[in-house]
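Here is the structure we will look at, set down as structure tokens.
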Amino acid sequence: MAFIRFFISFLFIVLSSTSVFAAQNTASASNAVQQNAGKETDLRQSNNVQLENKKIVSLSVILVIMLFFLFYYVYQNSMLKQKIKRKDTKQKILLNAIDAGIDTQEIEQKKIASFLHDNVNSLLSSAGLHLNVFTAKHDIQSEEIKKAKAILQEAHDLLRDISHELVPTLLVRFGLIYALEDLCERNSNSDIYFKFSSSVSTETRYSEKFEMKLYFIVSELFNNIIKHSRAHKAQISIHEHHNRLIIIIHDNGKGFNAEKIDEIEGFGLNRIRVRIKKLKGTFSIISRPDENTGTSVKIKVPIA
């Protein structure tokens, strides 16, 4: 609104100045004509002055129109920049909210896994141990005791598996490379085979947070392959280059339109992209629908 008011005031001043200038020139021409009414040369001079006035007025109008379009363009450009800035701000807030949710989820997973492993599983193991000692000491052979032992063992194994899914023990103890190799073995079956290839030693360790984030990213991509790709073979390759960890995952299943990644919410790709962006890395997908080339995912992240 301030811009419009300024432009209207400027337009009024220009037109007023032009009108005054033209009136002054016209008055001067009229006086010249009255003083030299009988002379033909003075009439021609008067006509020339009037013609000049018309040219000045025309040029002033053209100038005002050009200035109008110039100011309108500047105004529209300013509004567009503000709109883009607001959009970027909203996107940044959304990404921060998603990232905060992911961090909270990972922290809670670690807490739950630690509680299950260190407390519940320990209690179940202790209960089973006391039961075994009691039955051995009193030489008790009871079907109910056997069932109780089997239930305790099943509960122990179930909680161990849940704890492993939340935060794999191998990841915590032996590191990312070893845990990803184990992930390939555990996901391979008669329907699909995951091949593991790495130029990085399994003894290599990174920061705990870095390893955990990458492990869950790869795990989610593996789940997408199993659920959606109909692939029979998949491969993950890992290597380091210029202080960056590069992870490439390829499958031979059906592809999808990678250009419409934002529309494929079921794959959780947006969450993966946010996680990688938080690590200051890059995330690219090569895939085409209804082709036998499969899908390739490339992740590059600076080594923490």
Side-chain angles (χ1 to χ4, degrees), residues 94-95 97-99 101-110 112-113 116 157-171 176-198 211-238 245-279 281-301:
L94 179 61
L95 291 177
I98 294 175
D99 184 63
I102 292 172
D103 287 342
T104 302
Q105 180 183 0
E106 290 176 352
I107 292 172
E108 291 301 318
Q109 283 182 248
K110 186 176 180 181
I112 294 171
L116 291 177
D157 294 341
L158 182 60
L159 286 174
R160 182 195 60 198
D161 293 340
I162 294 174
S163 176
H164 184 79
E165 288 295 330
L166 292 172
V167 178
T169 305
L170 290 177
L171 177 65
L176 176 66
I177 308 302
Y178 197 96
L180 290 179
E181 184 176 9
D182 178 71
L183 186 67
C184 288
E185 293 180 3
R186 288 193 294 111
N187 282 283
S188 297
N189 51 46
S190 58
D191 293 327
I192 185 171
Y193 171 69
F194 284 89
K195 183 180 179 181
F196 179 81
S197 173
S198 175
E211 290 186 335
M212 189 176 298
K213 286 183 177 294
L214 283 178
Y215 180 86
F216 286 126
I217 288 170
V218 173
S219 179
E220 194 160 354
L221 289 171
F222 275 21
N223 288 334
N224 287 338
I225 293 173
I226 294 170
K227 293 179 181 178
H228 305 291
S229 72
R230 298 179 186 174
H232 300 292
K233 293 181 181 179
Q235 178 176 349
I236 178 173
S237 59
I238 306 168
L245 189 66
I246 301 174
I247 301 175
I248 300 174
I249 302 173
H250 177 76
D251 67 74
N252 67 346
K254 67 172 186 176
F256 60 91
N257 192 346
E259 295 179 357
K260 297 182 178 180
I261 187 174
D262 293 332
E263 301 177 8
I264 314 175
E265 289 294 338
F267 288 7
L269 296 178
N270 286 328
R271 287 170 55 85
I272 293 173
R273 183 165 53 185
V274 170
R275 288 182 174 185
I276 295 173
K277 188 175 182 180
K278 184 67 175 177
L279 294 171
T282 59
F283 175 61
S284 60
I285 298 177
I286 299 175
S287 185
R288 295 179 180 86
D290 303 324
E291 292 190 14
N292 296 323
T293 55
T295 300
S296 292
V297 176
K298 188 174 184 179
I299 301 169
K300 295 175 65 176
V301 290

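All values below come from the heavy atoms of this structure, side chains included, with hydrogens, waters and symmetry mates left out.
When all heavy atoms of F256 and S287 are compared, the pair lying nearest together is N-OG, 2.9 Å. Closest of all the heavy-atom pairs between E211 and L176 is OE2-N, 3.3 Å. D251 and A231 get closest at one heavy-atom pair: CB-CB, 3.9 Å. Taking each heavy atom of K254 and T295 in turn, the nearest pair found is O-OG1, 4.1 Å. Taking each heavy atom of S219 and L183 in turn, the nearest pair found is CA-CD2, 3.9 Å.
Considering only heavy atoms from C-beta on, I299 comes within 4.5 Å of L221 through its side chain. In this structure, L214 and L279 have side chains that are in contact, with non-hydrogen atoms separated by less than 4.5 Å. At least one side-chain heavy atom of I236 sits under 4.5 Å from a side-chain heavy atom of C184. In this structure, R273 and I276 have side chains that are not in contact, with every pair of non-hydrogen atoms separated by 4.5 Å or more.
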| field | Step-by-step side chain to side chain contact (heavy atoms under 4.5 Å, CB included) determination, I272 to V297 | value | CA-CA 11 Å; I272 293 173; V297 176; over 6 Å; no
| request: Report the C-alpha distance between L269 and I285 in whole Å, list the side-chain angles of each, state the deciding distance to 0.1 Å, and finish with yes or no for side chain to side chain contact (heavy atoms under 4.5 Å, CB included). | output: CA-CA 10 Å; L269 296 178; I285 298 177; 3.9 Å; yes
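Listed by chain and number, the residues in a side chain to side chain contact (heavy atoms under 4.5 Å, CB included) with K233 are N252 (sequence neighbours excluded). Qualifying side chain to side chain donor-acceptor pair (under 3.5 Å) partners for S296, counting only residues two or more places apart in sequence or in other chains: H250. Taking the side chain to side chain contact (heavy atoms under 4.5 Å, CB included) definition, one finds that E181 meets it with E185, F196, T202, sequence neighbours left out. Not counting sequence neighbours, S198 has no partner by the side chain to side chain donor-acceptor pair (under 3.5 Å) test. When the side chain to side chain contact (heavy atoms under 4.5 Å, CB included) test is applied to I226, the partners found at least two apart in sequence or on another chain are N187, F194. Taking the side chain to side chain contact (heavy atoms under 4.5 Å, CB included) definition, one finds that S197 meets it with Q235, S237, sequence neighbours left out.
Between the CG atom in D182 and the CD1 atom in I177 there is a gap of 13.0 Å [rounded to 0.5 Å]. One finds the NZ atom of K300 at 5.0 Å from the CD1 atom of I246 (value rounded to the nearest 0.5 Å).
By the neighbour-count criterion of 12 heavy atoms within 6.0 Å, atom CZ of F222 is densely surrounded, having more than that number from other residues, nucleotides or ligands.
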